[in-house]
Amino acid sequence: MSEDWRQEVEEIARRRELAARLGGQRKVDRQHAAGRLTVRERIEALVDAGSFDEVGALAGLAVHDEDGRVAEFTPANFVVGTARLDGRRIAVGGDDFTVRGGAADAGIMEKQVYAERLANELGMPLVRLIEGTGGGGSVKMLEQHGFSYVPANPGWDLVVDNLSAVPVVAACLGPVAGLGAARAVMAHLCVLVEGAGQLFVAGPPLVKHATGEDLTKEELGGAGVHRRSGAVDRLAGSEAEAFELIRAFLGYLPSTVDELPPVTASDDDPERRAEALLSLVPRNRRRPYQLRPLLDGVFDAGSVFDYAGYGGSAYTGLARLDGHPVGVLATDPYRGATLTADGADAITRLVDLCETFHLPVVSLTDQAGMVIGLAGEKRGSIRHGARAITAVYQARVPAAEVIVRRVFGVGGAGITNRHRLVRRWAWPSGDWGSLPVEGGIEAAYRAEIEASPNPAEHIEAIRERLDRVRSPFRTAEKFLVEDIIDPRETRRRLCEWVHDAYRVLPKLLGRPSFGTRP
């Protein structure tokens, strides 16, 4: 018998080769026929070439022959390890749908917990590539094990803790249900691939049994459902696009809450004046304007990343100012003027993200207040709005505000914390108050209007009187708004401010007082 360990080393290589076969060629072919990559192909497509260092490749279900050699081997249906993403160390774990659809066998739960711990204790961003139940149970396990159990989500203490410790990204790359769905939404960014990915608490068979609804996977949890559901932050047209979104998103964030956001070199002049901003906001207050030219005119070229796409008129995003990552709040006037429940949830999500990872927040404010009417009341919009305001007031990161147009009501008052230092500028188009003049004249001047021989003319006369005193310059005279600026100066002012903001950030490092709410 050999005096060295050559035979065992060869056995390691053989078992790794068996693991690389996943669930077998037939099931790999079926995965490809469905237009989806295998878990190993996904990891290779996501991370820097050759950087993946797998952990636990030898875990799985083995059948041994009489000599103790492995005769058959089915790898664990979860692949985990470390890698580099754009040069930075990350932890990555993915479900192997070719092996039992991600159900709970062969060490998947232990490996999932290991992935969470790896990210948590080594301070690495975590990427979850999810397909299947992600470790959920199957009724077949009753016969296999001969007993049942009281459910407990494996490693959930780490899953929750990671939301306040490291960036977590989840991608729904196929049907995702049960525990897999819960893992998907317990992330700072959840991406779903249109057509291939679906997200639901339970799949069509169980739904049909429980509710009688006969739905396909796509009808139950596809992109059409989650475009506005709030469960998914971004939709991707392909797996490749999903991986690009993951790379871009992580590029704004530090590896851990103990580090500053990564500042990059910018070739966009901080002094750049976007001429289009001077005429962006129409004088007619009822006319909307395009949001994208505003974002492009203020932030570094090509740096804007759309976040929480379900917010309707409430825009949330990430961007850079002179290379410095910031969070962005704004309003898309073409999608509405008021803050809905969905918009409030999107704002909460963005502010929590910025507070967790110490990104200063920029508000390009055009906020006409909370949505009014029966539909808004049925959604409990005021509670969602109050939750967003609470997030804004709990945040300690530096904030800046550019009042582009409207600031009205509870929604406008709470878009920034006006009881702390917020570096603020207003454009000449600024219009603010407890409620818009146009909507309040008839209530405030009812008796006067009713006594008039021509109510319509009298309303117009009142409007003209009020227009003379609603000028933002009157507010500036009382120092109730600090500065009114040429809109073309906005980028320069914010680029100066962001350097001040980043000098403050080191004393905020560490775990936030209130982390990200899923």
Side-chain angles (χ1 to χ4, degrees), residues 1-34 36-119 121-122 124-132 134-135 144 154-155 171 173-174 239-240 243:
M1 186 166 181
S2 173
E3 291 296 324
D4 60 26
W5 296 90
R6 192 179 310 275
Q7 184 176 341
E8 285 79 6
V9 169
E10 290 173 353
E11 179 66 8
I12 293 171
R14 190 173 80 90
R15 292 194 180 210
R16 286 184 179 275
E17 193 277 329
L18 290 173
R21 297 179 187 178
L22 305 175
Q25 192 59 49
R26 183 178 61 84
K27 292 184 177 180
V28 169
D29 290 343
R30 187 175 64 184
Q31 183 82 352
H32 288 162
R36 300 195 292 268
L37 299 175
T38 67
V39 62
R40 294 186 180 279
E41 291 168 339
R42 286 167 175 164
I43 292 173
E44 290 174 7
L46 171 68
V47 305
D48 298 352
S51 69
F52 181 57
D53 183 14
E54 187 173 356
V55 178
L58 306 187
L61 296 175
V63 176
H64 300 86
D65 61 22
E66 293 180 356
D67 297 326
R69 285 176 54 84
V70 172
E72 297 178 22
F73 180 74
T74 303
N77 44 3
F78 189 80
V79 177
V80 62
T82 61
R84 293 193 179 275
L85 193 70
D86 292 335
R88 181 166 57 165
R89 295 276 286 173
I90 67 164
V92 58
D95 300 320
D96 181 2
F97 202 66
T98 70
V99 181
R100 289 266 289 110
D105 53 16
I108 181 174
M109 290 186 178
E110 291 81 358
K111 293 179 80 173
Q112 284 178 350
V113 173
Y114 186 87
E116 301 292 328
R117 181 166 288 116
L118 192 64
E121 298 193 15
L122 294 182
M124 295 179 178
L126 173 62
V127 178
R128 303 184 187 124
L129 305 177
I130 306 176
E131 183 175 11
Q144 292 172 341
L173 304 172
E239 292 195 21
F243 300 153

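For the numbers below, each heavy atom of this structure counts, side chains included, while hydrogens, waters and symmetry mates do not.
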Student: What distance separates I130 CD1 from F78 CZ, expressed to the nearest 0.5 Å?
Tutor: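 If I round to the nearest 0.5 Å, the distance is 8.5 Å.
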Student: Can you name the nearest heavy-atom pair linking A119 to L126, along with the distance?
Tutor: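 Minimum heavy-atom contact is CB-CB, 3.8 Å.
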Student: Could you work out, with side chain to side chain contact (heavy atoms under 4.5 Å, CB included) as the rule, every residue matching I12, not counting sequence neighbours?
Tutor: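 Expected list: R16.
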Student: Could you note down all residue pairs passing salt bridge (charged side-chain N to carboxylate O under 4.0 Å, His left out) where residues 45-60 supplies at least one of them, sequence neighbours left out?
Tutor: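 Residue pairs with at least one partner in residues 45-60: R40-E54.
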Student: Working to the nearest 0.5 Å, report the span between CG of L129 and OG1 of T38.
Tutor: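 It comes to 11.0 Å.
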Student: If you take all heavy atoms of A115 and V80, which pair is closest and at what distance?
Tutor: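 Where A115 meets V80 most closely, the heavy atoms are CB-CG2, 3.5 Å.
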Student: T82 vs V55, test: side-chain contact (heavy atoms from CB on, under 4.5 Å). Steps then yes/no.
Tutor: CA-CA 8 Å; T82 61; V55 178; 5.6 Å; no
Student: Rounded to the nearest 0.5 Å, what separates atom CD in E239 from atom CG in L46?
Tutor: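 Interatomic distance, E239 CD to L46 CG, rounded to 0.5 Å: 10.5 Å.
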Student: Give a yes or no on whether a salt bridge exists between E10 and R6, defined as a side-chain N under 4.0 angstrom from a carboxylate O.
Tutor: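 Not counted as a salt bridge, because no side-chain N and carboxylate O are separated by less than 4.0 Å.
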Student: Show the nearest heavy-atom pair for residues K111 and V79, with the distance to one decimal.
Tutor: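 Residues K111 and V79, closest heavy atoms: NZ-CA, 4.4 Å.
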Student: Walk me through whether E17 and R21 qualify under side-chain contact (heavy atoms from CB on, under 4.5 Å).
Tutor: CA-CA 7 Å; E17 193 277 329; R21 297 179 187 178; 2.9 Å; yes
Student: Looking at OG1 of T98 and NE2 of H32, how far apart are the two atoms once the value is rounded to the nearest 0.5 Å?
Tutor: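 T98 OG1 to H32 NE2: 9.5 Å, rounded to 0.5 Å.
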Student: Can you tell whether the side chains of R128 and E116 come within less than 4.0 Å, N to carboxylate O?
Tutor: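 Answer for the salt bridge query: yes.
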Student: Closest heavy-atom contact between A19 and A57?
Tutor: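 So the two residues come closest at CB-O, 3.4 Å.
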Student: Enter the distance from L122:CG to I90:CD1 here, rounded to the nearest 0.5 Å.
Tutor: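 The CD1 atom of I90 is 13.0 Å from CG of L122, to the nearest 0.5 Å.
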Student: For residues L118 and G81, report the shortest heavy-atom separation together with the two atoms involved.
Tutor: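 Taking L118 first and G81 second, the nearest heavy atoms are CD2-O, 4.1 Å.
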Student: Check step by step if side-chain contact (heavy atoms from CB on, under 4.5 Å) holds for F243 and R42.
Tutor: CA-CA 9 Å; F243 300 153; R42 286 167 175 164; 3.9 Å; yes
Student: Between CD of E131 and CG of N77, what distance do you get to the nearest 0.5 Å?
Tutor: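 If we round to the nearest 0.5 Å, E131:CD and N77:CG are 11.5 Å apart.
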Student: Between R84 and V47, which heavy-atom pair has the shortest distance, and what is it?
Tutor: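 Residues R84 and V47, closest heavy atoms: O-CB, 3.5 Å.
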Student: Ion pair present between E11 and R14, side-chain N to carboxylate O less than 4.0 angstrom?
Tutor: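 Yes, E11 and R14 are salt-bridged.
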